[in-house]
Amino acid sequence: MEWRPNSHELIKKIDAVQYHVLSSDQCVVILDLLPAASFHFLVLSRKDIESVYQLRTEDIPLLQHMHEMGLEAAKSTGLATERFDLGYHLGPSQRRLHLHVVSKDYHSPHLRDKYRWNAFHTDFFLQTEVAIERLRTHGSIEWLPQPVLTAWISAPLKCNQCSYHPKTFHDLKKHLQQHAEQSSM
């Protein structure tokens with residue numbers, strides 16, 4: 001896997017308690033530096049695992065614990081946990097296993113393009129339950145070739161809250177703003 005030059009930043013934050021929202025002996029929860037939504041947490045494994053591709057069956061309790069910590073972070077926002085997506089990117093840009101906990105409004109100035117949107121709304125985003133099932137069934141998460149990952153993040157856009165299929169990312173952002181305004185009424 002090719003890593004970005006700053007790919008060690010998450011590892012540094014594990015020991016930097018000033019960034020911790022929550023912590024346990026197995027993981028820490030921090031705020032995402034470039035949130036994709038109103039609320040976006042990262043649950044970082046303390047265990048030295050680079051990505052989902054290094055997971056094995058014996059790591060299922062860790063994934064379950066990370067998921068529980070993610071739900072606890074979600075609850076801290078005052079929103080129902082059902083209003084959050086929890087999962088792992090199959091093409092992570094940062095070293096260290098980390099679970100994304102993202103509010104489903106996806107209302108953020110940092111959500112700037114189709115590729116970042118699709119990183120959370122296609123099979124590129126592996127939900128915890130699916131990861132655990134793959135580990136139980138196969139003992140690991142299958143390494144996927146880059147063309148498969150690229151196809152997912154390049155897929156046509158669709159709204160995560162209704163059946164709308166926008167032509168452009170700008171149209172999707174305007175549409176998501178309408179959802180945000182309706183939910184705040």
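Numbering starts at 1 and runs along the sequence shown.
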Problem - Non-hydrogen side-chain atoms of H98 and I30 separated by less than 4.5 Å - result: no
Handout entry: ILVMFWY cluster, V52 and W152 together (side-chain gap under 4.5 Å)
Key = yes
Exercise for the section: Sort out for me which residue in L97, I14, V29 forms a side-chain contact (heavy atoms from CB on, under 4.5 Å) with L44. Expected result: I14
Handout entry: Inter-residue atom distance L10.CG - E50.CD, 0.5 Å rounding
Key = 12.0 Å
Problem - Close side-chain approach of I141 to L90, heavy-atom, < 4.5 Å - result: yes
Problem - Identified ring pair (Phe, Tyr, Trp, His ring centres under 6.0 Å) counterpart of F125 within the set Y106, W117, F120 - result: F120
Problem - Any side-chain heavy-atom pair of Y88 and L99 under 4.5 Å - result: yes
Problem - E142 atom CD: more than 12 heavy-atom contacts under 6.0 Å - result: no
Exercise for the section: Give the cluster check for L34 versus I153: same hydrophobic cluster or not, with ILVMFWY residues linked at side-chain heavy-atom distances below 4.5 Å. Expected result: no
Practice task
Enumerate the residue pairs fulfilling side chain to side chain donor-acceptor pair (under 3.5 Å) with a member in residues 121-135, sequence neighbours excluded, ordered by first and then second residue.
Solution key: H67-T128, E133-T137
Fill in the blank from the handout: In short, S140 meets L135 closest at the heavy-atom pair CA-CD2, 3.6 Å
Problem - pair T77-S103: side-chain heavy atoms closer than 4.5 Å - result: no
Completion exercise
Closest non-hydrogen atoms of P166 and C159, given as atom of the first, atom of the second and distance, are CD-N, 4.4 Å
Practice task
Please report the closest heavy-atom contact between R46 and D15, naming both atoms and the distance.
Solution key: NH1-OD1, 4.5 Å
Practice task
Check whether any side-chain heavy atom of H100 sits under 4.5 Å from a side-chain heavy atom of D32, and report yes or no.
Solution key: yes
Problem - Joint hydrophobic cluster, L22 plus L31, side-chain heavy atoms closer than 4.5 Å - result: yes
Practice task
Write down the atom of A131, the atom of L63, and the distance for their closest heavy-atom approach.
Solution key: CB-CD1, 4.2 Å
Exercise for the section: Looking only at non-hydrogen atoms, find the nearest pair between V43 and C27 and report the distance. Expected result: CG1-SG, 3.8 Å
Problem - CZ on F39 to CZ on R83, rounded to 0.5 Å - result: 9.0 Å
Handout entry: Side chain proximity check, L176 to D105, heavy atoms < 4.5 angstrom
Key = no
Problem - Atom pair CG (L55) and CD1 (I60), whose distance is rounded to the nearest 0.5 Å - result: 9.5 Å
Handout entry: Between S24 and H65, a side-chain donor and acceptor under 3.5 Å
Key = yes
Exercise for the section: Tell me whether L126 is reachable from V102 by hopping between hydrophobic residues (I, L, V, M, F, W, Y) whose side-chain heavy atoms are closer than 4.5 Å. Expected result: no
Practice task
Scan side-chain atoms only and decide if Q177 and E181 contain a donor-acceptor pair under the 3.5 Å cut-off.
Solution key: yes
Handout entry: Other residues, nucleotides, ligands: >12 heavy atoms within 6.0 Å of K104 NZ
Key = yes
Exercise for the section: Could you grab the distance from atom CG of N118 to atom NZ of K158, nearest 0.5 Å is fine? Expected result: 9.0 Å
Exercise for the section: Rounded to the nearest 0.5 Å, what's the gap from CD on Q94 to OG on S51? Could you check? Expected result: 12.5 Å
Practice task
Just jot down the ring pair (Phe, Tyr, Trp, His ring centres under 6.0 Å) partners of Y164, sequence neighbours excluded, or say none.
Solution key: H175
Completion exercise
Those residues at least two apart in sequence (or on a different chain) that pass ring pair (Phe, Tyr, Trp, His ring centres under 6.0 Å) with H107 are none
Problem - L144 with V130, same ILVMFWY side-chain cluster at under 4.5 Å - result: yes
Handout entry: Backbone N/O of H179 and side chain of Q182: donor-acceptor pair under 3.5 Å
Key = no
Practice task
Answer yes or no: is there a side-chain heavy-atom contact under 4.5 Å between L33 and E9?
Solution key: no
Problem - Side chain proximity check, F169 to L111, heavy atoms < 4.5 angstrom - result: yes
Handout entry: Distance, nearest 0.5 Å, that separates OG of S76 from CG of L71
Key = 11.0 Å
Practice task
Mind running side-chain contact (heavy atoms from CB on, under 4.5 Å) on M66 and L86 for me, showing each step along the way?
Solution key: CA-CA 10 Å; M66 290 174 70; L86 285 82; over 6 Å; no
Practice task
Ignoring hydrogens and angles, tell me if any N or O in the side chain of S108 forms a donor-acceptor pair with the backbone of P35 under 3.5 Å.
Solution key: yes
Completion exercise
Between I132 and Q64, the two heavy atoms sitting closest are CD1-CG, 3.6 Å
